[in-house]
Amino acid sequence: MLPEHSDRQTPWVATPVFRSSLAILAAVGMGILVFEALGISVFRKIGMPHELCYLREPKLIWLHVVSDSLIGGAYVSISLTLAFLVLRATKDIPFNWVFLAFGLFIISCGFTHFMEVWVVWEPVYWGSGYVKVITAAASVATAIALFFQVPKVARLVRAARENEARRVEIDQLNQELERFNYSVAHDLRGPLRGITGFSQALREELPADLSPTAAAYIERMQASVGRMDLLISDLLKYASVGRQSFELKRVSLDQVFAAAADLLEGEVTQQNAKIIVPRPLPSVLGDATLLQVVFQNLISNSIKFVAPKTTPQLEITWLTDRNHVTVFFTDNGLGIPEEARSRVFNMFERIHPGLPGTGIGLRIVHRAIERLQGKIGLNAAPNGSGAQFWIRLAAA
Amino acid sequence: MKNEVLLVAEDDASDALLLELSLRRTGSHFRMIRVANGEEAIDYVEGRGVYGNRAMHPVPHVVLLDLKMPGKDGFAVLRWRRENLHSALPMIVFSSSNLRGDVEKAYALGANSFVVKPTAPERLDAMVKSLYHWWVDFNLPVTSTRA
């Protein structure tokens with residue numbers, strides 16, 4: 001369940017459905033008093049029970065009694081179901097008087113039939129009449145309310161249809177854009193292959209033709225191409241994080257961490273980095289591939305951006321509450337200067353220009369978390385140096 | 001002695017030359033023959049027209065197939081192979097695309113393998129070596145089982 005749903009819950013006593021129902025009961029009671037004031041008791045018995053009209057013929061009596069009871073019971077059940085739905089739906093759709101009028105209409109119809117059963121044996125014709133008055137009032141009110149709802153419902157239907165059309169359009173635009181990004185990144189690779197391949201061929205196959213200066217220039221060219229290639233790879237990763245389809249499901253962060261750590265083993269060993277993680281990590285609602293991208297990037301950044309001669313150290317901790325899991329990545333690296341914190345998730349934003357990087361990694365992480373409907377942020381390092389990133393995801 | 005023919009269907013002259021350089025660099029036993037589009041690839045395999053002279057244009061052992069080519073593209077060649085039951089001839093897609101849709105479509109059309117063109121020359125060399133290793137040294141073509 002997503003966090004928004006469980007946070008604000010109105011106590012049922014405060015719901016419009018409950019309050020209106022109380023008001024209706026009060027009105028019914030008042031009606032009885034009005035009848036009393038007019039000298040008519042709705043409980044008064046008059047004349048003969050209805051069974052005499054049925055000539056005390058048992059089959060006929062039971063035919064009426066069973067049918068009326070079933071109709072009345074069904075009506076009450078329908079209106080209770082309706083009330084339940086309205087009660088549940090008030091979180092998502094605004095309370096609507098038509099539901100209430102409709103519910104009252106059905107329930108009073110039900111009581112009309114119960115009265116029919118009662119009068120078979122007891123001549124409570126005044127009471128039965130009174131219930132009919134209520135039913136008539138509810139029916140007329142519903143009929144009128146429904147009539148005025150027509151333009152509103154038509155508007156809602158139209159709006160829903162327009163929303164759907166717009167959503168489809170946005171989806172298409174997004175897909176097109178992402179496809180475009182993707183093919184641009186791919187088509188950029190072609191010429192790059194040529195530059196890399198032929199400069200390599202120049203150096204290897206025709207070394208005699210190259211002066212030392214020419215060889216040095218070619219080396220620079222190749223270094224630039226290497227950077228370009230890295231940029232394109234990262235752009236591709238970014239595009240694929242945006243394109244990849246997935247369903248939110250239960251994912252063990254422990255497995256995600258293990259997979260990311262596996263892929264980063266070379267870097268970790270090379271840098272002699274220390275990663276402290278109390279295992280097992282909790283599970284979240286997410287997607288294993290996207291989360292692995294997130295973990296891999298955050299861990300790799302922590303290891304990569306450290307002061308010279310510092311042993312990189314990363315501590316992964318987490319907090320859980322009923323609805324969320326927040327994971328903290330705290331490192332002893334170069335940290336993010338205060339003034340750069342707001343820009344850190346921007347595309348091509350490089351905080352440490354002297355060190356390798358394309359400025360796309362955190363953008364990828366941000367996009368992945370956004371797609372998982374989570375949150376990401378960064379705190380001032382608790383130890384004064386280093387960075388602390390956190391991600392918050394729905395608990396599973 | 002170079003004997004196994006590697007037919008390369010590739011419209012980009014640079015990519016074709018890079019492949020050739022890599023084959024030379026690695027001392028490959030493949031003899032590379034390049035055609036520039038799907039149409040020519042089909043003509044070659046069928047031995048049509050100029051390709052009828054099998055002494056000059058021997059039957060290929062493996063085909064490297066670019067996907068995006070003018071006229072008949074790589075998909076068209078795969079489709080043609082399936083329709084004409086040339087399944088004994090391994091066709092390996094060699095493309096700069098790794099779009100999931102392209103990969104799925106290629107395999108659905110019967111591609112034997114899908115390789116993304118490597119950018120780094122070392123990776124290309126490694127690929128070229130493995131290609132020979134796998135398809136010539138280890139892989140048993142349908143024709144040999146018949147013999």
Side-chain angles (χ1 to χ4, degrees), chain A residues 172 174-207 209 215 218-219 221-246 287 289-290 293 358, chain B residues 6 8-28 30 32 34 36-37 64-70 73-75 92-106 114-131:
Chain A
Q172 270 169 359
N174 274 339
Q175 267 173 21
E176 232 166 78
L177 186 69
E178 266 151 13
R179 212 184 148 80
F180 170 79
N181 285 345
Y182 201 76
S183 42
V184 164
H186 266 294
D187 292 344
L188 288 177
R189 273 241 155 106
L192 215 56
R193 265 199 310 275
I195 303 171
T196 332
F198 291 117
S199 51
Q200 179 85 355
L202 257 181
R203 284 178 67 187
E204 283 187 359
E205 293 184 22
L206 306 164
D209 292 357
I218 288 177
E219 207 167 313
M221 246 170 70
Q222 284 183 312
S224 299
V225 171
R227 271 205 304 282
M228 185 74 173
D229 193 42
L230 200 64
L231 265 170
I232 292 173
S233 303
D234 279 0
L235 276 175
L236 275 180
K237 278 184 210 145
Y238 178 67
S240 72
V241 159
R243 286 173 68 249
Q244 196 192 323
S245 58
F246 65 90
D287 172 77
T289 314
L290 289 180
V293 168
T358 55
Chain B
L6 173 68
V8 177
E10 171 63 76
D11 63 319
D12 186 318
S14 277
D15 277 352
L17 183 51
L18 284 174
L19 205 58
E20 211 176 312
L21 289 178
S22 177
L23 286 167
R24 202 192 306 160
R25 218 168 24 228
T26 54
S28 174
F30 268 135
M32 173 176 154
R34 180 206 167 200
N37 57 54
L64 267 195
L65 198 58
D66 187 20
L67 279 185
K68 280 159 198 142
M69 292 186 287
D73 62 5
F75 293 122
I92 290 143
V93 173
F94 190 59
S95 162
S96 48
S97 163
N98 65 353
L99 278 178
R100 196 192 281 178
D102 284 350
V103 180
E104 277 168 9
K105 193 173 166 192
F114 195 112
V115 179
V116 177
K117 290 177 183 168
T119 309
E122 316 80 68
R123 302 251 317 148
L124 183 61
D125 292 354
M127 196 282 285
V128 156
K129 277 191 214 159
S130 318
L131 194 72

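Predicted, not measured: the structure shown is a model, and the values here were computed from it. Protein chains get the first letters and strands the later ones, always in sequence-line order, with residue 1 at the start of each. Side chains included, hydrogens not; waters and symmetry mates left out as well; all remaining heavy atoms used.
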**Student:** Tell me, for A/Q222 versus chain B, whether the close heavy atoms (under 4.5 Å) come from the side chain, the backbone, both or neither.
**Tutor:**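 No part of A/Q222 comes within 4.5 Å of chain B.
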**Student:** Give, for atom CZ of A/R189 and atom OG1 of B/T119, the distance between the pair rounded to the nearest 0.5 Å.
**Tutor:** 4.5 Å
**Student:** What closest approach, in Å, do A/G197 and B/P121 show between heavy atoms, and which atom pair accounts for it?
**Tutor:**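 Looking at all heavy atoms of both residues, the shortest contact is CA-CG, 4.2 Å.
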**Student:** Name the region of B/S96, side chain, backbone, both or neither, that has any atom closer than 4.5 Å to a heavy atom of chain A.
**Tutor:** both
**Student:** Work out which heavy atom in A/F198 is nearest to a heavy atom in B/L17; give both atom names and the distance.
**Tutor:** CE2-CD2, 3.5 Å
**Student:** So which of B/S22, B/A120, B/S97 has the largest heavy-atom pair count under 4.5 angstrom toward chain A?
**Tutor:**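 Going by pairs under 4.5 Å, I would pick B/S97.
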**Student:** Would you mind checking which part of B/K117 comes under 4.5 Å of any heavy atom in chain A, side chain (CB onward), backbone (N, CA, C, O), both or neither?
**Tutor:** both
**Student:** Take A/Q200 and B/L21 through the side-chain contact (heavy atoms from CB on, under 4.5 Å) test and state the conclusion after the steps.
**Tutor:** CA-CA 10 Å; A/Q200 179 85 355; B/L21 289 178; over 6 Å; no
